[in-house]
Amino acid sequence: MRSRNPGAGILCVVGARPNFMKIAPVIRAMQGATPPLPVRLLHTGQHYDAEMNSQYFEALGIPDPDINLGVGSASHAVQTAEVMRRFEPVLDQEQPAAVLVVGDVNSTLACALVAVKKGVAVIHVEAGLRSFDRGMPEEINRVLTDQISDLLFTTEKSARENLLREGIPESRIHFAGNVMIDTLRYSLKRAVPSTHTFSRYGAPADWAQGGFAVLTMHRPSNVDDAATLRSLLGAIRDVSRRVPVVFPMHPRTRAKIEQYGLGSMLDDGSFLKLPPLGYLEMLGLMQAARLVLTDSGGIQEETTALGVPCITLRDNTERPITVEQGTNTLAGQNPARILAVVDDVLRNAGKAGRIPELWDGRASQRIAAVVRDWLDGAAERLVA
Ligand code: UD1
């Protein structure tokens, strides 16, 4: 597709927490290009709590959104539809050269869909990742967003193969590297030391010396079903008897633990239960941890970049390079398997891993350069 309005700006979209770390360096690179690429920022409001939201904007240096759709939580259908309904008139008014979406959340797909139907070009950052698990809402969002994108930026080689297999023209695909790792490198110096977080939340002082694990868990497949959640919390309680576990809780997970009456399971292990943490606190904790247990996508990548062992509480990953080259091990939901992997990491320090190609902190600059060339080309084609 051509941009009908190549002289206009790029409308960047964010909706949920994992989007924020991805958009921050992209905006910085576009604004820092010579000449600067005009950008505007739209927040759908999918995540709205301060602890899921504004503290990230500040820590990551993201400008205040120019537009906030204030959508909030709802079922997938309602949330997606509501973003679309509210985004359409905004797009009519903004008339951007392109809409840039990141990642795989409902807001990503919703805004891409509105844009493509209006004839506005779509740029997808972090394209082509596939878990091959269509039961995962993010997988649907990834596949569909990629199908309707004009420029697709990938983070690892597997993504390009996935896109080609799905019939995406090669000319649209650009291997740029990983913008999350741009943010990580940019922020490392400002990471909050784990000792500060421990003293702020009252953890025993010896945890920082003796080593600790960090846990994050929020995927519907892990937390929505009572039996699965009980079994996972049981496994993690056993882990906490080997190494203390620091657990910043996603609102969804906290709500499910309360709903199913499982809170007491976290009382007799060695746990530090925390609210969702800011990016710089989380970075400081991960950096100092002996291991990280997670079902997040981004944390699999961040731990690989930090060289910290990661145990993923899923059977699959859309980020296979973190297993092939990085520090990640897939442990799934089986308690015996999780404990075996944890024991192995505690005894042998886990996989050494290496940094994947182009996870060098400059992915956003490469993206800005490609977008610039593409806009220039679009402008020339319009004149011709
Ligand atoms: C969304 C993304 C997921 C991402 C995750 C990170 C989709 C399909 N999923 O899942 O890919 O990994 O964000 O957080 O887009 N809630 C609050 N405050 C908030 C936001 C949510 O309390 O600011 C609670 C609400 O009860 C809500 C639940 O968390 O029902 C789930 O929120 P939602 O945005 O629907 O999905 P996430 O599970 O956060």
Side-chain angles (χ1 to χ4, degrees), residues 13-23 43-58 60 65 68-84 86-87 101-113 124-127 129-131 133-146 180 183 215-225 228-229 247-260 274-279 281-282 292-303 310 312-314 316-319 322:
V13 171
V14 292
R17 186 171 62 174
N19 294 161
F20 305 149
M21 311 63 157
K22 294 168 195 165
I23 211 70
H43 191 339
T44 65
Q46 176 174 342
H47 281 179
Y48 46 88
D49 281 352
E51 45 184 29
M52 299 295 282
N53 225 316
S54 43
Q55 62 172 349
Y56 285 86
F57 275 69
E58 216 177 291
L60 298 171
N68 194 322
L69 302 182
V71 163
S73 289
S75 71
H76 282 261
V78 171
Q79 189 176 62
T80 307
E82 200 54 31
V83 173
M84 291 180 70
R86 295 187 194 195
F87 186 50
V101 294
V102 296
D104 56 14
V105 302
N106 287 341
S107 301
T108 307
L109 173 62
C111 291
L113 203 46
H124 187 202
V125 173
E126 200 192 78
L129 296 179
R130 297 289 180 269
S131 65
D133 173 3
R134 295 264 169 122
M136 197 179 176
E138 294 81 2
E139 182 77 351
I140 307 295
N141 294 340
R142 293 180 198 116
V143 170
L144 298 181
T145 302
D146 287 339
M180 276 207 92
T183 290
L215 165 70
T216 81
M217 193 165 70
H218 72 281
R219 292 248 99 79
S221 54
N222 279 342
V223 306
D224 280 7
D225 174 67
T228 306
L229 183 57
F247 185 12
M249 261 191 247
H250 189 285
R252 173 188 207 106
T253 310
R254 182 179 292 276
K256 292 293 175 187
I257 289 174
E258 269 168 35
Q259 184 187 337
Y260 301 141
L274 301 178
L277 293 178
Y279 180 78
E281 280 85 17
M282 193 62 194
V292 174
L293 295 136
T294 192
D295 61 10
S296 147
I299 288 178
Q300 296 173 52
E301 297 181 335
E302 289 166 340
T303 46
C310 180
T312 295
L313 306 172
R314 291 170 46 192
N316 52 50
T317 179
E318 60 289 334
R319 295 159 159 91
T322 61

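Just follow the structure's listing: the first ligand is 1, and inside any ligand the first atom is 1. These numbers were taken from a predicted model, which means no experiment stands behind them.
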List ligand 1 atoms under 4.0 Å from R219, heavy atoms only on the residue side.
3 (C), 11 (O), 12 (O)
In chain order, what residues pass the side chain to side chain donor-acceptor pair (under 3.5 Å) check against R252, with sequence neighbours excluded?
D224
Nearest heavy atom to atom 10 (O) of ligand 1, choosing from H47, R254, Q79, belongs to H47
Which part of E138 is near ligand 1, with near meaning a heavy atom under 4.0 Å away: side chain, backbone, both or neither?
side chain
Atoms of ligand 1 under 4.0 Å from any heavy atom of H76, numbered from 1 in the order shown, are 8 (C)
Q259 atom CD: more than 12 heavy-atom contacts under 6.0 Å:
yes
Under-4.0 Å salt bridge between R142 and E138
no
Using the rule given for ring-ring contact (aromatic ring centres under 6.0 Å, His included), can you reason through H43 versus Y48, listing the C-alpha separation, both sets of side-chain angles and the distance that settles it, and then say yes or no?
CA-CA 10 Å; H43 191 339; Y48 46 88; 9.8 Å; no
Polar atom proximity, N106 to ligand 1 (N or O, under 3.5 Å):
yes
Please state which protein non-hydrogen atom is closest to atom 5 (C) of ligand 1 and give its distance, to 0.1 Å?
H218 NE2, 3.6 Å
Please list the nearest protein heavy atom to atom 38 (O) of ligand 1 with its residue and the distance rounded to 0.1 Å.
R252 NH1, 2.9 Å
Students often mix this up, so state it plainly: with edges at 30° and 60°, are the rings of H250 and H218 parallel, tilted or perpendicular?
parallel
Polar-atom distance check: D49 versus ligand 1, any N or O pair below 3.5 Å?
yes
Sequence neighbours excluded, which residues qualify as side chain to side chain donor-acceptor pair (under 3.5 Å) partners of N222?
D295, Q333
Quick check for you: to the nearest 0.5 Å, what is the distance between L274 atom CG and E281 atom CD?
10.0 Å
Output for pair (R319 CZ, M180 CE), nearest 0.5 Å, gives 7.5 Å
Of the side chain and backbone of P18, name the one, both, or neither that has a heavy atom under 4.0 Å from an atom of ligand 1.
side chain
Ligand 1 to M52, heavy atom cutoff 4.0 Å, flagged ligand atoms 14 (O), 19 (C), 23 (O)
Just need the protein heavy atom nearest to atom 17 (C) of ligand 1, so name the residue and atom and give the distance.
Y48 OH, 3.2 Å
